[in-house]
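Chain identifiers are assigned alphabetically (A, B, ...) following the order of the sequence lines, protein sequences preceding nucleic acid strands; residue numbering begins at 1 within each chain. All values below come from the heavy atoms of this structure, side chains included, with hydrogens, waters and symmetry mates left out.
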Protein chains: 2
Amino acid sequence: MSPAEPLLILTDDDLLAERWQALGRSPVRARRVDDLGTWRATGHRLVLVDLDPRRPDAPLWQHPAWQHNVAGLSILAASAQPDDDEGLAVLNAGASGYCHTHAPTATLRQALDVIAGGELWVGRALLSRLLRLVDTRLPRVGLAHWSTPLTEREREVAQLAAIGDSNLTIADALGITERTVKAHLKAVFEKLQVADRLQLALRVHGVR
Amino acid sequence: MSPAEPLLILTDDDLLAERWQALGRSPVRARRVDDLGTWRATGHRLVLVDLDPRRPDAPLWQHPAWQHNVAGLSILAASAQPDDDEGLAVLNAGASGYCHTHAPTATLRQALDVIAGGELWVGRALLSRLLRLVDTRLPRVGLAHWSTPLTEREREVAQLAAIGDSNLTIADALGITERTVKAHLKAVFEKLQVADRLQLALRVHGVR
DNA sequence: ACGCCACCTGTCCTCGTGGACAATACAAAT
DNA sequence: ATTTGTATTGTCCACGAGGACAGGTGGCGT
């Protein structure tokens, strides 16, 4: 059940590195942040990184090597003393997940699975706090929603098309024919005054 | 790889119910929110619920049956038209996860695994927004820009492609051949790990 | 000099997209 | 009863996108 992706373990703690060996099929060990670039070049995109180096200078995520390589990587950051603010900082620095250094192996493996799939992983505590924080301040005004002129069915089709689903995928999802999807999309394009599904996606996601 | 927990599927959409059958070992189907109490009594604690009933009255999470049973359950809420605010609302109402109704089976299964383990599951889009909302006070250091791993030329091409320009249009704009545009885009797709220009557009414009 | 890399170009080929003609069934409104 | 709107499906066709091969240039560092 390990992630199919080759895993890069980044820590200068030998004990920790040994613990983490069990998480990947053939995990690779690195000691310094500078190694990120090297291993990315070899196709390693899944990284488990220890945020508590033995000789702490600056936060790891402010290191140039981090910032140069973070875009192409899925990084799960682990801290021995997880702290909400640290978590927010590292996630905002491009990490895909934040967890406890000594979290159960099963949990770590699951987190790696999740971020390998392009999602984000945040522990229950931090996530709860996030939810509470934003709960109080929701803009939520009745602005002209993109879907107002659309029918129910057209909305469904548009929603799926806007996240990149193909016509056939949408058809299967809704239990209709690809031809029907096209018909709905044609109507959507006209009503929203867009030329193709890319423009539709931008409109739906509020770009521009 | 299915969750060990017995899964309760709650939807009045027959097609959807059929699709979701594959998610659990021996999934049980329910149609109305009121059934939550009944099935909880039988030991079902893992629930996948469709937030879009055919006869929409009030939001599902405001139903008495929901509020009476939510405490003992791990609920993954799915919406056909995922909306950040809806997600926040349902999570604050006690759900453990929020996702797209027609998300890939693998994703749904993963989400169920996560919430079965007591964690919370939130999709990348919503989570990103949460992070952005609370980071207004954070230093906002060198953030991970989508263009970091790209070369200068690739950035230009990607930028134009992301707003919907055709390859030929991009070529004319940059004074190069359409073939060259394709070459740059191919490199961009690989580096950013996206399949096509629509996914590229979403990435560039900070969606998901 | 050699290798690496960014940049540029060429030709097939397959496939999804979207437009242009259609048509049918069913509901609610007039 | 007729009209209007929504949802559904059909075929044909032109075009762009993106992959799979291929190549050639110039700069820059060892």
Return no unless some side-chain N or O of B:Thr151 is found under 4.0 Å from OP1 or OP2 of C:dC5.
no
Can you establish whether the number of heavy atoms outside A:Glu178 located under 6.0 Å from its atom CD is more than 12?
yes
Please check if the side chain of A:Thr177 supplies one atom and the backbone of A:Arg179 the other of a donor-acceptor pair under 3.5 Å.
no
Within the 4.5 Å heavy-atom criterion, are B:Asp52 and B:Ser79 side-chain neighbours or not?
yes
Whole Å only: how far is the CZ atom of B:Arg153 from the C1' atom of D:dG26?
15 Å
OP1 or OP2 of D:dG10 under 4.0 Å from side-chain N/O of A:Lys182:
no
Find the distance A:Leu185:CG to D:dT9:C1' and express it as a whole number of Å.
15 Å
Whole Å only: how far is the CD atom of B:Glu156 from the C1' atom of C:dC8?
14 Å
Taken to the nearest whole Å, CG/A:Leu174 to C1'/D:dT6 is 15 Å
For D:dT11, take OP1 and OP2 only and decide whether either is under 4.0 Å from a side-chain N or O of A:Arg179.
no
Give A:Ala187 one of three labels, base, sugar-phosphate or nothing, depending on what nucleic acid heavy atoms sit under 4.0 Å from its own.
nothing
Hey, what do you get for CG (B:Leu108) to CH2 (B:Trp121), rounding to the nearest 0.5 Å?
8.0 Å
Here the distance between atom C1' of C:dA22 and atom NZ of A:Lys186, to the nearest Å, is 13 Å
If I take atom NE2 from residue B:His102 and atom CG from residue A:Leu174, how far apart are they, to the nearest 0.5 angstrom?
5.5 Å
Take the protein atom CD of B:Glu154 and the nucleotide atom C1' of C:dA6, then report the distance between them rounded to whole Å.
8 Å
Interatomic distance where CD1 belongs to A:Ile170 and C1' belongs to C:dT17 [whole Å]:
12 Å
Establish, with yes or no, whether the OP1 or OP2 oxygen of C:dC8 is under 4.0 angstrom from a side-chain nitrogen or oxygen of B:Thr180.
no
When you measure from the side-chain N and O atoms of B:Asn167 to the phosphate of D:dG16, is any distance below 4.0 Å, counting only OP1 and OP2?
no
Pick base, sugar-phosphate or nothing for B:Glu178, based on heavy-atom distances below 4.0 Å to the nucleic acid.
sugar-phosphate
Per atom distances to the B:Ile176 side chain, the nearest of D:dT9, C:dG18, C:dT9 is C:dT9
From CZ of B:Arg197 across to C1' of D:dG19 the rounded distance in Å is 14 Å
